[in-house]
Amino acid sequence: MESRCFRGRTMCLVAAAAVTLFGGSAWAANESEIAEHLIELVKIGRGVVSEQMANINDASKADKGFTGDYMGAQVIDRFKKRTKIDLRIPNVVPQANLYLALVEAEKEVINEAQPIINKQGIAFKGFIPAVFARRTGEQFYKKSGVRMKLTGIDYRNPSNRPDDFESEVLRMFSDPRHPKGQTYVRNTMVDGRPVLRMMDPEYAGVTCLNCHGAPKGERDVSGHKKEGWKEGELAGAISVVLPLK
Ligand code: HEC
């Protein structure tokens with residue numbers, strides 16, 4: 001079935017999505033809500049790093065005051081605002097342990113980056129939202145067995161390379177007929193185990209183009225070659241692989 005699907009390409013993915021939407025049980029819906037919450041927690045953390053970029057890259061300052069505790073508090077506050085879920089009272093929150101493991105991973109990544117964040121005398125330090133997201137995904141996987149990553153068709157870091165499933169879905173997302181922002185969710189198998197896979201597309205905003213925009217091939221501030229993206233184009237996706245019980 002899987003191999004037939006991948007030969008069937010886009011149409012097959014569409015059919016599979018319909019199965020998930022209309023044939024799914026309440027249990028499946030719940031699992032996809034969990035995946036959505038995990039994506040939200042990563043996006044919030046990445047947003048906090050993004051807001052801190054000027055502070056992080058301030059060459060004149062040593063201690064930036066941007067600690068793991070600051071990150072943890074911000075993530076929990078903003079998650080509560082967006083979802084009404086208060087991780088400070090975890091007893092009443094189903095899945096709180098899983099969510100808190102992700103918050104913990106986000107804190108650890110910021111704590112481990114303190115030496116570079118607080119380095120005086122250099123401006124651009126390479127600690128950017130995408131790096132934060134990658135390291136968070138790696139830490140979270142060790143804690144939970146749930147895979148999360150930022151991926152893209154023209155990826156820069158080999159750790160972000162899309163697998164076959166992700167490549168298919170990214171291709172679907174980059175098709176102008178795909179409704180912008182619509183996530184893709186599917187129950188499938190990975191390594192012989194049932195999983196829920198979710199992908200949430202992301203698009204290039206103006207702030208991304210300094211590094212990922214035109215002219216294609218020119219080096220950006222991080223030393224990577226720019227991809228030549230235009231504003232609004234598909235940039236990539238957050239991908240989750242959630243093992244099902
Ligand atoms: C300062 C330069 C810079 C800016 C600004 C920037 N990126 Fe990136 N981006 C990078 C680097 C460097 C990586 C590789 C990170 C890593 O090592 O995992 C990356 C990785 C990514 C990836 C993961 C796939 C890959 O290439 O490995 C996506 C998706 C992505 N960026 C999207 C965006 C979006 C969307 C924005 C704007 C909101 C943005 N980037 C802004 C430099 C940048």
Side-chain angles (χ1 to χ4, degrees), residues 35 38-59 64 66 71 78 102 105-106 108-110 112-113 115-117 119 122-142 147-175 178 180-184 197-241:
L38 295 174
I39 290 172
E40 194 61 43
L41 286 165
V42 167
K43 281 187 174 175
I44 292 170
R46 206 179 44 174
V48 173
V49 175
S50 180
E51 286 168 13
Q52 291 286 328
M53 284 313 293
N55 183 25
I56 293 170
N57 292 335
D58 182 346
K64 309 296 193 301
F66 179 37
M71 172 59 87
R78 296 178 195 198
L102 181 49
E106 297 187 293
E108 282 171 17
V109 170
I110 300 302
E112 279 162 19
I116 179 74
I117 289 173
K119 208 169 174 96
I122 50 165
F124 183 71
K125 302 182 177 63
F127 189 75
I128 61 168
V131 168
F132 165 80
R134 170 167 51 78
R135 293 187 187 162
T136 295
E138 288 162 2
Q139 300 277 73
F140 181 54
Y141 177 66
K142 285 188 216 150
R147 287 193 186 277
M148 292 193 80
K149 78 186 209 226
L150 192 56
T151 188
I153 292 168
D154 43 9
Y155 61 94
R156 294 180 166 201
N157 192 303
S159 307
N160 300 333
R161 187 172 64 86
D163 64 19
D164 289 349
F165 178 95
E166 288 162 339
S167 294
E168 287 293 331
V169 178
L170 285 165
R171 229 187 317 263
M172 185 181 81
F173 285 162
S174 61
D175 187 321
H178 180 79
K180 258 204 159 162
Q182 191 178 87
T183 57
Y184 179 80
R197 297 197 68 152
M198 180 176 286
M199 286 179 69
D200 185 23
E202 307 205 302
Y203 303 89
V206 273
T207 58
C208 319
L209 302 182
N210 287 334
C211 293
H212 292 286
K216 186 175 175 168
E218 190 184 87
R219 300 271 172 192
D220 72 6
V221 63
S222 70
H224 289 82
K225 285 186 179 160
K226 297 186 184 183
E227 288 82 355
W229 296 347
K230 295 184 195 68
E231 191 184 351
E233 268 180 7
L234 182 77
I238 299 182
S239 174
V240 183
V241 183

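Values below: all heavy atoms of this structure, side chains included; hydrogens, waters and symmetry mates excluded. Both counts, for ligands and for their atoms, begin at 1 and track the order of listing.
- A salt bridge links Glu51 and Arg78; the closest N-O separation between the charged side-chain nitrogens and carboxylate oxygens is under 4.0 Å.
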Tabulating one pair per line, provide the atom names and distances (0.1 Å) for every N/O atom of ligand 1 that is less than 3.5 Å from a protein N/O atom.
residue  : atom   : partner : partner atom : Å
ligand 1 : 7 (N)  : His212  : NE2          : 2.8
ligand 1 : 9 (N)  : His212  : NE2          : 3.0
ligand 1 : 17 (O) : Arg134  : NE           : 3.3
ligand 1 : 17 (O) : Arg134  : NH2          : 2.8
ligand 1 : 17 (O) : Asn157  : ND2          : 2.9
ligand 1 : 18 (O) : Arg134  : NE           : 2.6
ligand 1 : 18 (O) : Asn160  : ND2          : 3.1
ligand 1 : 26 (O) : Arg156  : N            : 2.6
ligand 1 : 27 (O) : Arg156  : N            : 3.0
ligand 1 : 27 (O) : Asn157  : N            : 3.1
ligand 1 : 27 (O) : Asn160  : ND2          : 2.7
ligand 1 : 31 (N) : His212  : NE2          : 3.1
ligand 1 : 40 (N) : His212  : NE2          : 2.9

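- Side-chain contact between Arg46 and Leu150: present, with at least one pair of heavy atoms (C-beta onward) separated by less than 4.5 Å.
- Of the charged side-chain nitrogens involved, none lies within less than 4.0 Å of a carboxylate oxygen, so that Lys142 and Glu108 do not count as a salt-bridged pair.
- In this structure, the side-chain contact (heavy atoms from CB on, under 4.5 Å) partners of Lys119, at least two apart in sequence or on a different chain, are Ile116, Ile122, Lys125.
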Side chains of residues 126-135: which donor-acceptor pairs under 3.5 Å do they make with residues two or more places apart or in other chains?
none

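- Every side-chain contact (heavy atoms from CB on, under 4.5 Å) that Asp220 has, sequence neighbours left out, goes to Arg156, Cys211, Ser222, His224, Lys226.
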